[in-house]
Amino acid sequence: MKNVDMAVEKNILTIRVDLAKEFGASKSGKSITIASTEGNVPVPGHEEIKIGLNIYRAK
């Protein structure tokens, strides 16, 4: 994962992303990646639940 922090407390999933970070152009080159799970990943403590997250801005 890039710039994604997940935590579960009492069945509430909290996702933290630093919006000031950037990881360069996306694969298509149309946007700038800010954060990504880089595919579907399990939610901490709930391996049967998956999340896929991409946060980006226009180039």
Side-chain angles (χ1 to χ4, degrees):
M1 290 192 295
K2 292 180 182 175
N3 192 26
V4 178
D5 182 37
M6 295 188 291
V8 176
E9 186 176 335
K10 297 183 182 179
N11 289 322
I12 302 295
L13 172 64
T14 302
I15 302 168
R16 292 176 49 118
V17 172
D18 182 348
L19 297 176
K21 289 187 179 181
E22 292 182 352
F23 291 93
S26 64
K27 289 180 183 179
S28 70
K30 296 179 181 177
S31 59
I32 303 296
T33 302
I34 296 171
S36 178
T37 56
E38 301 178 306
N40 297 325
V41 297
V43 171
H46 298 270
E47 304 305 311
E48 73 283 2
I49 301 173
K50 310 292 185 202
I51 184 170
L53 176 73
N54 291 304
I55 299 177
Y56 58 91
R57 66 172 179 81
K59 197 168 183 184

Practice task
Considering non-hydrogen atoms only, spot the tightest contact between Lys59 and Ala25 and give its length.
Solution key: NZ-CB, 4.1 Å
Handout entry: Flag side-chain contact, heavy atom, 4.5 Å: Lys50 against Pro42
Key = yes
Problem - Qualifying residue, where the test is side-chain contact (heavy atoms from CB on, under 4.5 Å) with Ile55 and the options are Ile15, Thr37, Val17 - result: Val17
Handout entry: Pairwise distance CG(Asn54) to NZ(Lys2) - rounded to 0.5 angstrom
Key = 10.0 Å
Practice task
Check for a donor-acceptor pair, side chain of Lys30 on one end and backbone N or O of Lys27 on the other, with a separation under 3.5 Å.
Solution key: no
Exercise for the section: State whether the number of non-hydrogen atoms from other residues, nucleotides or ligands found under 6.0 Å of Arg16 atom CZ is greater than 12. Expected result: no
Exercise for the section: Could you tell me which residues satisfy side chain to side chain contact (heavy atoms under 4.5 Å, CB included) with Asp18, sequence neighbours excluded, listed by chain and number? Expected result: Asn3, Ala20, Lys21
Problem - Same cluster (ILVMFWY, side-chain, under 4.5 Å), Leu13 and Ile49 - result: yes
Problem - Residues, nucleotides or ligands: over 12 heavy atoms within 6.0 Å of Glu9 CD - result: no
Exercise for the section: Report the C-alpha separation of Val41 and Met6 in whole Å, then their side-chain angles, then the decisive distance to 0.1 Å, and conclude whether the side chain to side chain contact (heavy atoms under 4.5 Å, CB included) test is met. Expected result: CA-CA 11 Å; Val41 297; Met6 295 188 291; 4.0 Å; yes
Problem - Hydrophobic cluster membership, Phe23 vs Leu19, 4.5 Å side-chain cutoff - result: no
Fill in the blank from the handout: Interatomic distance, CD1@Ile51 vs CE@Met1, rounded to 0.5 Å, equals 9.0 Å
Exercise for the section: Taking all non-hydrogen atoms of both residues into account, name the closest pair between Ala35 and Val4 and its distance. Expected result: CB-CG2, 3.9 Å
